[in-house]
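Here is the structure we will look at.
Just so we're clear, the structure is a prediction, and the values are computed from it rather than from any experiment. Throughout, a chain's letter reflects where its sequence line sits, starting with A, and its residues are numbered from 1. Computed from heavy atoms alone, side chains included, the values below leave out hydrogens, waters and symmetry copies.
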Protein chains: 2
Amino acid sequence: MDGTAQKIEREDAGRAAARRRQVLTVASELFATKGFEATSIRDIATAAGMMSGSLYYHFASKEDLYIAVQDASISKIFNAVEGAIPGIADPWERLEAAAIAHVEAMLDRSGFRVLVTPLFPPGLDRKVRDALVAQRDRFERMIDTVIAELPLPKSLDRRIFRQHYLGALNWIPVWCDPDGPVAPADIVRQFMATLRR
Amino acid sequence: MDGTAQKIEREDAGRAAARRRQVLTVASELFATKGFEATSIRDIATAAGMMSGSLYYHFASKEDLYIAVQDASISKIFNAVEGAIPGIADPWERLEAAAIAHVEAMLDRSGFRVLVTPLFPPGLDRKVRDALVAQRDRFERMIDTVIAELPLPKSLDRRIFRQHYLGALNWIPVWCDPDGPVAPADIVRQFMATLRR
DNA sequence: TAACCTATCTAACGAGCGTTAGAAAATGCA
DNA sequence: TGCATTTTCTAACGCTCGTTAGATAGGTTA
């Protein structure tokens, strides 16, 4: 039994792992559009083509599933941004590349959908909540290393600048139709032009 | 009966009206911290010091109550901003005054608490949803009149600039502790300094 | 084929939800 | 005081929720 379990975990390509990813994906879509509480286990199971009881073979609880989605969301953005900045020398262009990757990851509707929800469900286990916060902090620290290189006025608080930057970006999914006339990347470029001068 | 009803409606100071405002206030607090679905009618009633059934004397349904809170939220911000800009000539200073009023209204925790939630519950009645959207549009049009006066580069799309501005502001309640060391007004002033040059 | 693990389904549980009808209490007016 | 109106409470309704135990089908290995 050990051999099989380890094999599946290592390759992450077993039937169970694929099903788990599928559930994660449809759950991300539902959580993103309807919110955590308004999405029922039965909703998710139906969208995944199974009965609600079967979900519990893959996830221990609804909260467990939500945490996995939240975790994957931050990871998706983190990886997109991390992959976008190497090889770029100019600090402002580094930040612009990071911002475009960030926004495109948020608006990407093929496959797993990122949860932007800033409000964690208010009954989350302390330890789990701390883990999510730590993951988000890790992302913000990466952004900070990019912002640190920017030639900004001394009087400007870079923590506030980071929140300004993140606020403008994270608000985009609220108003921007990813299939609309203006490409998300162009929106980001105007943001950067405004922040830059 | 007509006389009494009209009187109450006109003065808006009857016992019923006061109770209605009280329910609205505690509901705004709960909706803001826990979200719509996670807040039960019994939660709200308990916080208002009554039984859950009594709530239905003042509001026809939970959705009805939510709409009233959402409506009052936009009104509170609208009135705060509307009251902050007259008498200021310089366009940038007008926008800064609007932004400070906007943020202070969002962070104000005495009495009614503003709902910033961008996501309307996804089963809202069409007509009601349209009414809320229209009210929000009215606010955005007011902001647009201020933004229109700004001496911005021709290449800059003012609709995108408005969303940049609103995104940065609306994100503040996510990360800013209103009782923290940095005054919200100072945060806004740095935002404006960044947007300005 | 037989035994075993994997994955899913069935069917129900207790709890909490929004909501309601009608009784009861508080209030204002004659 | 007595009456009518306004406001609140009581007690339940039907429904959906997250979750679980046990039966069942499919796949793999011996």
Side-chain angles (χ1 to χ4, degrees), chain A residues 1-24 26-27 30-31 34-69 121-125 128, chain B residues 1-24 26-27 30-31 34-69 121-125 128:
Chain A
M1 66 170 185
D2 292 348
T4 309
Q6 284 175 14
K7 193 176 176 187
I8 287 178
E9 227 182 275
R10 221 184 299 118
E11 301 183 1
D12 211 41
R15 250 183 310 284
R19 202 73 154 124
R20 201 185 138 97
R21 271 199 309 276
Q22 187 207 352
V23 171
L24 221 63
V26 305
L30 289 169
F31 285 152
K34 307 182 21 172
F36 175 72
E37 311 279 353
T39 302
S40 74
I41 287 287
R42 287 170 177 82
D43 286 341
I44 299 168
T46 299
M50 57 170 70
M51 293 290 111
S52 67
S54 309
L55 251 171
Y56 287 82
Y57 179 78
H58 301 281
F59 295 93
S61 68
K62 187 189 180 186
E63 184 177 282
D64 198 62
L65 170 56
Y66 178 79
I67 290 162
V69 170
L124 256 185
D125 182 65
V128 172
Chain B
M1 64 171 187
D2 292 347
T4 310
Q6 283 175 14
K7 193 175 174 187
I8 287 179
E9 225 180 276
R10 220 183 300 117
E11 302 184 2
D12 212 39
R15 246 185 310 289
R19 203 73 155 120
R20 201 186 137 96
R21 270 199 309 275
Q22 186 207 353
V23 171
L24 221 62
V26 306
L30 289 169
F31 285 152
K34 307 181 24 172
F36 175 71
E37 312 279 353
T39 302
S40 74
I41 287 288
R42 286 169 178 83
D43 286 341
I44 299 168
T46 300
M50 57 171 68
M51 293 290 112
S52 66
S54 310
L55 251 170
Y56 287 82
Y57 179 78
H58 302 281
F59 295 92
S61 68
K62 188 188 179 186
E63 183 176 283
D64 198 63
L65 169 56
Y66 178 78
I67 290 163
V69 171
L124 257 185
D125 182 64
V128 172

Those residues that, when tested against [X], pass side chain to side chain donor-acceptor pair (under 3.5 Å) (two or more places apart):
| X | value |
| --- | --- |
| R20(B) | none |
| Y56(B) | none |
| S52(B) | none |

Mind calculating the distance between [atom1] ([X]) and [atom2] ([N]) to the nearest angstrom?
| X | N | atom1 | atom2 | result |
| --- | --- | --- | --- | --- |
| D64(B) | dG18(C) | CG | C1' | 13 Å |
| R20(B) | dT6(D) | CZ | P | 16 Å |
| M51(B) | dA23(C) | CE | C1' | 16 Å |

(message) Could you tell me if the side chain of F36(A) sits less than 4.5 Å from the side chain of K62(A), heavy atoms only?
(response)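 K62(A) reaches F36(A) side chain to side chain.
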(message) Do T39(B) and Y66(B) make a side-chain contact, defined as non-hydrogen atoms from C-beta onward lying under 4.5 Å apart?
(response) no
(request) Could you encode protein contacts along nucleotides 14-20 of chain D as a string, one character per nucleotide from 5' to 3', using B for base contact, S for sugar-phosphate-only contact and - for no contact, with a heavy-atom cut-off of under 4.0 Å? (result) ---BBBB
(message) Once rounded to the nearest 0.5 Å, what's the spacing between atom CD1 of I44(A) and atom CG of L55(A)?
(response) 6.5 Å
(message) I want to check one thing: is the phosphate of dA7(C), taken as OP1 and OP2, less than 4.0 Å away from some side-chain N or O of Y57(A)?
(response)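 Answer yes for this pair, as a side-chain N or O of Y57(A) is under 4.0 Å from OP1 or OP2.
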(request) Using a cut-off of strictly less than 4.0 Å, decide whether R19(A) has a side-chain nitrogen or oxygen near OP1 or OP2 of dT6(C). (result) no
(request) Could I get the full list of salt bridge (charged side-chain N to carboxylate O under 4.0 Å, His left out) partners for D43(A), not counting sequence neighbours? (result) K34(A)
(request) Identify the two heavy atoms, one from A47(B) and one from V26(B), that lie closest to each other, and give their separation to 0.1 Å. (result) O-CG1, 4.0 Å
(message) Could you work out how much the helix from dT1(C)-dA30(D) to dC29(C)-dG2(D) bends, comparing the axis of its first five pairs with that of its last five, to 10°?
(response) 10°
(request) From the options dC9(C), dT8(D), dT8(C), select the nucleotide whose nearest atom is closest to the side chain of H58(B). (result) dT8(D)
